[in-house]
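Here is how names work: the chains are called A, B, and so on, in the same order as the sequence lines, proteins then strands, and each is numbered from 1.
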2 protein chains.
Amino acid sequence: MVKVRKSKVTPPPTECPLSGCMKLIRGAWTPHVIWYLKAEPRRFSELKSDIKGVSAKVLSTRLKELEEAGVVLREAMNTSPPTVEYSLTELGRELQPAIAAIVSVSEKLKKQKYARLGYAR
Amino acid sequence: MVKVRKSKVTPPPTECPLSGCMKLIRGAWTPHVIWYLKAEPRRFSELKSDIKGVSAKVLSTRLKELEEAGVVLREAMNTSPPTVEYSLTELGRELQPAIAAIVSVSEKLKKQKYARLGYAR
DNA sequence: CAGCATCCCTCATGATACTG
DNA sequence: CAGTATCATGAGGGATGCTG
């Protein structure tokens with residue numbers, strides 16, 4: 001009989017903190033949005049062309065979710081034609097390094113994989 | 001006429017590095033797997049009970065993907081009954097802080113939101 | 001114990017068209 | 001420009017049952 005060992009990793013306090021994490025980065029394009037907002041505020045259509053392949057509907061949905069979560073700030077400018085600028089909130093900016101770290105790891109993994117397969121040259 | 005400003009964010013070298021990122025953390029349970037492997041190797045059924053709500057099928061799929069990607073190491077122990085231990089590779093371990101950072105931000109956002117709504121007490 | 005095979009079903013995404 | 005409405009699709013996920 002194999003005994004199930006007790007996990008040494010403490011589970012989150014109330015309910016899964018990872019759930020919150022998942023809600024934040026849910027959606028295929030969420031990392032892209034945060035990525036492209038890192039340097040400066042961007043308008044809707046700018047983001048849409050920054051992020052190749054995203055549809056207006058999905059982009060709009062993500063932006064609304066991120067705004068609701070407190071990651072992104074939406075600011076309608078009183079110009080003609082009307083423009084809207086999106087930017088990262090202070091907390092939103094804290095997500096940037098995390099995403100960068102994941103990207104970095106995935107880059108290293110890619111290289112490692114090529115080497116493993118002998119595609120090094 | 002509104003001019004579309006050039007983005008100052010450099011797009012990834014060859015093709016979207018964020019795609020690689022997405023592939024890494026794709027799947028609802030991927031962060032959980034990495035989270036629960038951070039301290040020590042875990043067996044399949046241990047992980048399954050660590051991660052409440054995950055099905056064997058999905059867990060198995062994620063583990064296979066992560067192993068294929070080079071994030072997780074699978075080691076079959078020659079015991080009876082057979083046991084299999086999963087652990088993080090060196091690069092896999094680099095993902096841990098990133099996930100922790102995202103969790104941290106999501107916790108802060110949650111508190112901020114409660115405060116905003118007046119549920120502070 | 002450690003999975004794989006199957007069936008089903010929901011949700012996110014994509015495309016298209018339209019509005020303020 | 002900055003979206004919303006509607007429809008169609010399909011991949012990911014859950015449940016169950018079976019194998020080595």
Minimum heavy-atom separation for B:Leu47 to B:Tyr36, with atom names?
-> CD2-CB, 4.1 Å
Short side-chain N/O contact to C:dA2 OP1/OP2 from B:Ser45, under 4.0 Å | yes
OP1 or OP2 of D:dC1 sitting under 4.0 Å from any side-chain N/O of A:Arg42?
-> no
Are A:Tyr86 and D:dG3 close enough that a side-chain N or O sits under 4.0 Å from OP1 or OP2?
-> yes
What is the distance from CD of B:Glu75 to C1' of C:dC1, rounded to the nearest Å?
-> 17 Å
Compute the centroid of each ring, for B:Trp29 and then for B:His32, and state whether the two points are separated by less than 6.0 Å.
-> yes
Is A:Lys23 paired with A:Glu65 through a side-chain N to carboxylate O contact shorter than 4.0 Å?
-> no
Validation row: A:Arg74, A:Val84 side chains within 4.5 angstrom (heavy atoms) = yes
In plain terms, say whether A:Glu40 and A:Arg42 are close enough for a salt bridge, that is, a side-chain N and a carboxylate O under 4.0 Å apart.
-> yes
Who passes side-chain hydrogen bond (donor to acceptor under 3.5 Å, both in side chains) against B:Glu68, sequence neighbours left out?
-> A:Lys113
Euclidean distance, atom CG of residue A:Leu63 to atom P of D:dT4 [Å, nearest integer] | 10 Å
For atom CG of B:Leu47 and atom C1' of C:dC1, their distance in whole Å | 13 Å
For atom CE of A:Met22 and atom C1' of C:dA12, their distance in whole Å | 13 Å
Counting side-chain heavy atoms from C-beta on, which of C:dA2, D:dT4, D:dC1 comes nearest to A:Ser60?
-> D:dT4
Going 5' to 3' along nucleotides 11-17 of chain D, which nucleotides have protein heavy atoms under 4.0 Å from the base (write B), which only from the sugar-phosphate (write S), and which from neither (write -)?
-> -SBBB--
Would you mind telling me which of D:dC1, D:dG3, C:dG3 lies closest to the side-chain atoms of A:Val84?
-> D:dG3
D:dA2 OP1/OP2 closer than 4.0 Å to side-chain N/O of A:Arg43 = yes
Are A:Lys64 and A:Glu67 within salt-bridge range, i.e. N to O under 4.0 Å?
-> no
Length of the CD-C1' vector between B:Glu46 and C:dG3, whole Å | 15 Å
Could you tell me the separation between the NZ atom of A:Lys64 and the P atom of D:dG3, rounded to a whole number of Å?
-> 9 Å
A:Leu59 CG to D:dC1 P: how many Å, rounded?
-> 14 Å
Can you tell me the distance, in whole Å, between the NZ atom of B:Lys48 and the P atom of C:dC4?
-> 14 Å
